[in-house]
Amino acid sequence: MAKSIASRAENYSQWYVDIIKKARLAEHSAVRGSMVIRPYGFAIWENMRDQLDRMFKETGHMNAYFPLFIPKSFLSREADHVEGFAKECAVVTHYRLMNNPDGDGIIVDPEAKLEEELIVRPTSETIIWNSYRDWITSYRDLPILINQWANVVRWEMRTRLFLRTAEFLWQEGHTAHATKQEAIGEAEKMHEVYATFAEEYMAMPVLRGTKTDSEKFAGALETYTIEALMQDGKALQAGTSHFLGQNFAKAFDVKFANEENEQEYVWATSWGVSTRLMGALIMTHSDDDGLIIPPKIAPIQVVIVPIPKPNDQVDEVAHQIMDDLKSKNITVEYDNDPKSRVGFKFAEHELRGVPVRIGIGKRDLEKNQVEIARRDTKEKSFVSLNGVSDYIENLLSDIQDNLFSRALEFRKEHTTEVDTMEEFESVIESKGGFIYAHWDGSPETEEEIKKRTKATIRCIPLNAVEEEGTDMISGKPSKRRVVFAKAY
RNA sequence: CGGGGUGUGGCGCAGUCCGGUUAGCGCACCGCGUUUGGGACGCGGGGGCCGCAGGUUCGAAUCCUGCCACCCCGACCA
């Protein structure tokens, strides 16, 4: 086993890193906290991106692009916003280098200091709302429904591949509306788009909910979140959608004339998902043999392996199968590299998470069949040649469903209702996962629980059942349970 | 920013404590041959300013000083 990876049980973080490296998704770069996304990893991200992009466009949004650099003064216009991001901003102070007069190399030219420093965007609300001021004068200009695909920089103390890197790729939607109701509707709509994407494409069940004040986006009145559960029992915030009220409109003086010709501030939303979804994908489905990718976002859905190596007869069958699959819009690759061996190829494609493998050998062809192996369960079946493409079409859909239900089952097993702190602490320490408990709504008890257990409120679930109860710490009354977990 | 760890061919490591021939091993790579239904084997080969800069010494991967980088664990955040 040349490429063995750590097992989840023995070392979960190492398992995670091993999968990323051995499946060649990404690697650490020369720059601290920044990663190189390799072609296979990027192909998965592209599939996520394309799907999301389609969903954004279907809901009426258009893409645009705003600058990477934000004048420092912009960031400070909205008080909560600057407080949230100030501690992790990269700042551009100079615009020129020069040869070091005292020796080797180059230095920053002290003469080339910027009048106003520029912030490398940690998010783009401010630079975008500065433009919106010019774009909006009347209710006829609204709504503005814009998304941008971009990189952002947040100078994190501690980084992990995909989950938290200093620079990451994401999309950020920024919309402007005439009414509060419409803006809230937009934030909710995009929240649901994220949830649908996560569940239908990534096969990752998510909880839909809102954030408490302490977990909200800096500058938001309401943050909607989708929360997923990873295999180590920790929660991962996978996407957020914010109702921003009129905070940014006020900060950037964005007003419009309503139908009565009265000046009003514009209502805003923003929403985003990032390459963090890659981390969610890995930790939701993969096993000790490597990556598992849901068929709907797998760069290669089917790989054909000649056994033991390519020859004319196998090639012919392989190409026939490929044509059939391609006509069904199934992506397929023929691994006819004569230099590596069968066992190696099997292991390699499993490691990289290809959902379905077709093995074609002489013994199969004598029986007019091929061997088909599915990555999620590792089951193999023999399928007669004339039924291969239909079989695979069904199988891919089966795998997609199975991954979702497997993850959902895991979540059910790792979801617990508790009523006392004793239970809470024992569940957190033993199996982790989501814990439904009553909360009195105060930041103090939330903080106290965090201090004692490291668990935070992941969300206040939408459509929660109304239920009388008492807070585990304060004993004060509560009307519904909220979801706690240790989080990434 | 605190604590811990690691820097030695592309990757993973040994060697460092106790300085001493041409710095070694596994994987990967190149060549030839034999193999081939689950990560092949044999033989031959190429590749290393030992993180960087000083210092000690006849002699430094090894000892000393300084610096840098990255990883892991915490506090903070997506």
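Numbers restart at 1 for each chain; the letters A, B, ... are given by sequence-line order, proteins then strands.
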Q: May I ask you to say whether A:Asp287 pairs ionically with A:Arg375, meaning some side-chain N is under 4.0 Å from a carboxylate O?
A: yes

Q. Where does the angle between the aromatic ring planes of A:His414 and A:Phe410 fall among parallel (under 30°), tilted (30 to 60°) and perpendicular (over 60°)?
A. parallel

Q | Cation-aromatic face contact A:Arg352/A:Tyr40, 6.0 Å, 45 degrees | A | yes

Q) Looking at the rings of A:Trp271 and A:Phe56, which for Trp means the six-membered one, are their centres under 6.0 Å apart? A) yes

(Q) Please tell me whether A:His81 and A:Phe248 form a close aromatic pair, meaning their ring centres lie under 6.0 Å apart. (A) yes

Q: Could you work out the separation of B:C71 and B:C58 based on their P atoms and round it to a whole Å?
A: 42 Å

(Q) Rounded to whole Å, please give me the gap between CZ in A:Phe346 and P in B:G37. (A) 9 Å

Q) Atom NZ of A:Lys454 to atom P of B:C77: distance rounded to whole Å? A) 15 Å

Q.
Mind checking if A:Leu236 touches a base, just sugar-phosphate, or nothing, with heavy atoms under 4.0 Å?
A. nothing

Q: Name every residue in residues 304-318 of chain A that has at least one heavy atom under 4.0 Å from any atom of RNA chain B, in order of residue number, or write none if there are no such residues.
A: A:Ile307, A:Pro308, A:Lys309

Q. Just one of A:Gln231, A:Met204, A:Arg411 clears the side chain to side chain contact (heavy atoms under 4.5 Å, CB included) bar with A:Thr284, so which one?
A. A:Met204

Q) Does A:Tyr12 have A:Arg8 sitting over its ring (NZ/CZ under 6.0 Å from centre, angle to axis within 45°)? A) no

Q) Taking the same atom, C1', in B:C18 and in B:A60, what whole-Å distance lies between them? A) 14 Å

(Q) Within the 4.0 Å heavy-atom criterion, would you say A:Glu156 contacts the bases, only the backbone, or no part of the nucleic acid? (A) base

Q) Once you round to the nearest 0.5 Å, how far does NE2 of A:His191 lie from OG1 of A:Thr196? A) 10.0 Å

Q.
For A:Phe252 together with A:Phe74, are the ring centres under 6.0 Å from each other?
A. yes

Q) So do the side chains of A:Val354 and A:Pro299 get within less than 4.5 Å of each other, counting heavy atoms only? A) no

Q: Pick the P atom in B:A69 and in B:U22, then give their distance to the nearest Å.
A: 35 Å

Q.
Within the 4.5 Å heavy-atom criterion, are A:Gln301 and A:Glu333 side-chain neighbours or not?
A. no

Q: Report, as yes or no, whether the 6.0 Å neighbourhood of atom CD on A:Glu83 holds more than 12 heavy atoms from other residues, nucleotides or ligands.
A: no

Q) For A:Ser426, which residues count as a side-chain hydrogen bond (donor to acceptor under 3.5 Å, both in side chains) partner, sequence neighbours excluded? A) none

Q. Any chance NZ of A:Lys362 has more than 12 other-residue heavy atoms, nucleotides or ligands included, within less than 6.0 Å?
A. no

Can you check nucleotides 70-72 of chain B for protein contacts, nitrogen or oxygen pairs under 3.5 Å, and list what you find?
from	atom 1	to	atom 2	distance (Å)
B:C70	OP1	A:Arg32	N	2.5
B:C71	OP1	A:His28	ND1	2.9

Q: Please determine which of A:Trp439, A:Phe434, A:Phe424 meets the ring-ring contact (aromatic ring centres under 6.0 Å, His included) test together with A:Phe484.
A: A:Phe424

Q | Given RNA chain B, 5'-ward residue of the pair A:Tyr488 and A:Lys345, judged by closest heavy atom | A | A:Lys345

Q. In dot-bracket notation, what is the pairing pattern of RNA chain B, taking Watson-Crick (N1-N3 plus N6-O4 or O6-N4) and G-U wobble (N1-O2 and O6-N3) contacts under 3.5 Å, with [ ] crossing and | for other strands?
A. ((((((((.[[[[.)....(...]]]].((((((.....)))))).....[[[[[..)....]]]]])))))))....

**Q.** P spacing across the pair B:C25 / B:G44, given as an integer number of angstrom
**A.** 13 Å

Q: Send over the distance from A:Arg38 CZ to B:C11 P, rounded to a whole Å.
A: 11 Å

Q.
Using a heavy-atom cut-off of 4.0 Å across all strands, would you classify A:Phe168 as base, sugar-phosphate, or nothing?
A. base

Q: Counting heavy atoms from C-beta on, name the nucleotide in B:G37, B:C77, B:A40 closest to the side chain of A:Lys450.
A: B:C77

Q. Can you tell me how far P in B:U57 sits from the matching atom in B:C49, rounded to whole Å?
A. 27 Å

Q: Only one of A:Lys345, A:Glu348, A:Arg357 passes side chain to side chain contact (heavy atoms under 4.5 Å, CB included) with A:Asp335; say which it is.
A: A:Lys345

(Q) Say we look at B:G10 and B:G46: how far apart would their C1' atoms be, to the nearest angstrom? (A) 13 Å

Q) Tell me: NZ of A:Lys216 to C1' of B:C77, nearest whole Å? A) 17 Å

Q. In whole angstrom, what separates A:Lys87's NZ from B:A75's C1'?
A. 12 Å

**Q.** Presence of donor-acceptor pair under 3.5 Å, side chain of A:Arg164 and base of B:C77
**A.** yes

Q) Does anything in residues 354-382 of chain A reach RNA chain B, meaning a heavy atom under 4.0 Å, and if so which residues? A) A:Arg357, A:Gly361, A:Lys362, A:Arg363, A:Asp364, A:Lys380

Q | Nearest-Å distance for atom pair CD/P, residues A:Gln237 and B:C77 | A | 12 Å

Q.
Taking the minimum atom-to-atom distance to the side chain of A:Glu88, which one of B:A75, B:G39, B:C77 wins?
A. B:C77

Q. What interatomic distance, in whole Å, is found between P of B:G48 and the corresponding atom of B:G24?
A. 13 Å

Restricting both atoms to N or O, compile the protein contacts to nucleotides 42-44 of chain B shorter than 3.5 Å, with distance only.
none

Q. Which value, in whole Å, describes the distance between the C1' atoms of nucleotides B:C64 and B:C70?
A. 24 Å

Q. Roughly how many Å is it from NZ in A:Lys339 to P in B:A28, rounded to a whole number?
A. 15 Å

(Q) If I take atom NZ in residue A:Lys486 and atom C1' in nucleotide B:C77, what distance separates them, rounded to the nearest angstrom? (A) 18 Å

Q) So does A:Lys234 have more than 12 non-hydrogen atoms from other groups sitting under 6.0 Å from NZ? A) yes

Q. Going by heavy atoms in the side chains, are A:Leu118 and A:Ile70 under 4.5 Å from each other?
A. no

